[in-house]
Amino acid sequence: MNKAHPCTRSRKKKPQLHEWLRLALLVFLVSTTFHAHGQTSGSGTAPPEIGPLLYLAPSGRATLDNTIRELLQEQLGKNVIIRSFKAGQTGQDSGTPVVTIGSDALSQIRQENHKVPVVSLLAKPALLDSWASRSGSNVTGVYQGAPLLHQALAGKIILPHATRVAMLASPDSAVLYEDLLSHLADYGMEGRIFLASNRDDLINTLKRALQYGDFLLAAPDPDIYNPRTIKHILLTAYRRNRIVIGPTQDYVSAGSMAAVYTPLDAMAEKAADYLEMLFKGEKLPPPNYGDRFAIRVNRQVAQSLNIPVPANHKIIEDLRKLTGHSGELRHD
């Protein structure tokens, strides 16, 4: 007979049962492994999505470069990748934006490749403006200082009776003050530019400027204000009981009375706004100041000249009222 023996059927089904058990065990082990891996990876959430890339061209001052990198990362978020720029890199990658720190870094990038988008920090204003005007929407940046009107009004707050502002310039840099001259009258002041044709004529021109003005307003003009000249300018002003406002906060330590400037965190905030525009494929706007300003005052100079300078927070409060500035103004 062809009917199979009962024992024979039982032996044929056992291997199938074993296979199902092995498959179930395998599925259990795999699911357990993935669950355990999710717990050991931190919070159990998926890893963050990798965002855009940018390069940072340093100034060579490690502390400053690291501070700006940290501030940018904080503003842009951890998903944005910030890598250090290496010489010659733009030849292979001209699309990734570069943040430059200082004038040398800006010049290096533009000389390597005129197509790479650049956001410049801490470059000389004249150099930044020059590259931006020649590069269309490929170059922008954040100025380190503050508008000259803010500086002039800070001088007015420190010297409430001041009505005349003296400005010292070279023939090439006089243009820095032209816009300011048209606004001083709105605040009860007038101004005059005194031109120093050469270095030998600088001190004589300065003396005439100090005779005219209640204070000397200094723009970031390296032809006039630089390490070779600043000591002579400040001493000459001091001997004539005149104060110097500006050009940057660094000069306050050297002997300027005060300076309004853009702090690093505000510069990083503005730079991050520009980078976000690039990541979205938008065109870059022209260079501009940050949205927040700070002030530094040299109270030793004030005491030596017997000038009762208001508290820093009072200067800031008055400056806000005068300018109508909607952003933050803070004292240093």
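Just so it is clear, the structure is predicted and the values come from calculations on it, not from any experiment. Values reported hereafter were calculated over all heavy atoms of this structure, with side chains retained and with hydrogens, waters and symmetry mates removed.
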Whether [X] side chain and [Y] backbone form a donor-acceptor pair below 3.5 Å:
| X | Y | result |
| --- | --- | --- |
| Arg164 | Tyr212 | yes |
| Lys156 | Thr163 | no |
| Ser133 | Ser130 | yes |
| Tyr177 | Ala219 | yes |
| Gln249 | Gly145 | no |
| Thr229 | Ile224 | yes |
| Arg83 | Leu54 | no |
| Glu317 | Lys321 | no |
| Thr140 | Leu284 | no |
| Ser170 | Ser173 | yes |

* Test Arg299 against Asn312 for side chain to side chain donor-acceptor pair (under 3.5 Å), laying out the working first. => CA-CA 10 Å; Arg299 296 193 174 274; Asn312 283 17; 2.7 Å; yes
* **Test side chain to side chain donor-acceptor pair (under 3.5 Å) applied to Asp201 and Thr205, step by step** => CA-CA 6 Å; Asp201 191 40; Thr205 304; 3.0 Å; yes
Salt-bridge criterion met for [X] and [Y] (N-O under 4.0 Å):
| X | Y | result |
| --- | --- | --- |
| Lys280 | Glu276 | no |
| Asp265 | Arg292 | yes |
| Lys314 | Asp318 | yes |

* **Intermediate values then yes/no, side chain to side chain donor-acceptor pair (under 3.5 Å), Arg69 and Ser84** => CA-CA 10 Å; Arg69 178 189 286 265; Ser84 297; 2.7 Å; yes
* So Phe293 and His150, would you call those rings parallel, tilted or perpendicular, with 30° and 60° as cut-offs? ->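 Answer is tilted, since the angle falls between 30° and 60°.
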* **Heavy-atom closest pair, residues Pro247 and Gln151** =>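 It is O-NE2, 3.6 Å.
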* Asked: Can you name the residues that form a side chain to side chain donor-acceptor pair (under 3.5 Å) with Asp104, not counting sequence neighbours?
  ->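 Counting only residues at least two positions away or on another chain, Asp104 forms no side chain to side chain donor-acceptor pair (under 3.5 Å).
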* **Qualifying residues under side chain to side chain donor-acceptor pair (under 3.5 Å), relative to Tyr251, sequence neighbours excluded** =>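 Tyr251 satisfies side chain to side chain donor-acceptor pair (under 3.5 Å) with no other residue.
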* Asked: Does the pair Asn204 and Leu206 meet the rule for a side-chain contact (heavy atoms from CB on, under 4.5 Å), with working shown?
  -> CA-CA 5 Å; Asn204 288 331; Leu206 172 63; over 6 Å; no
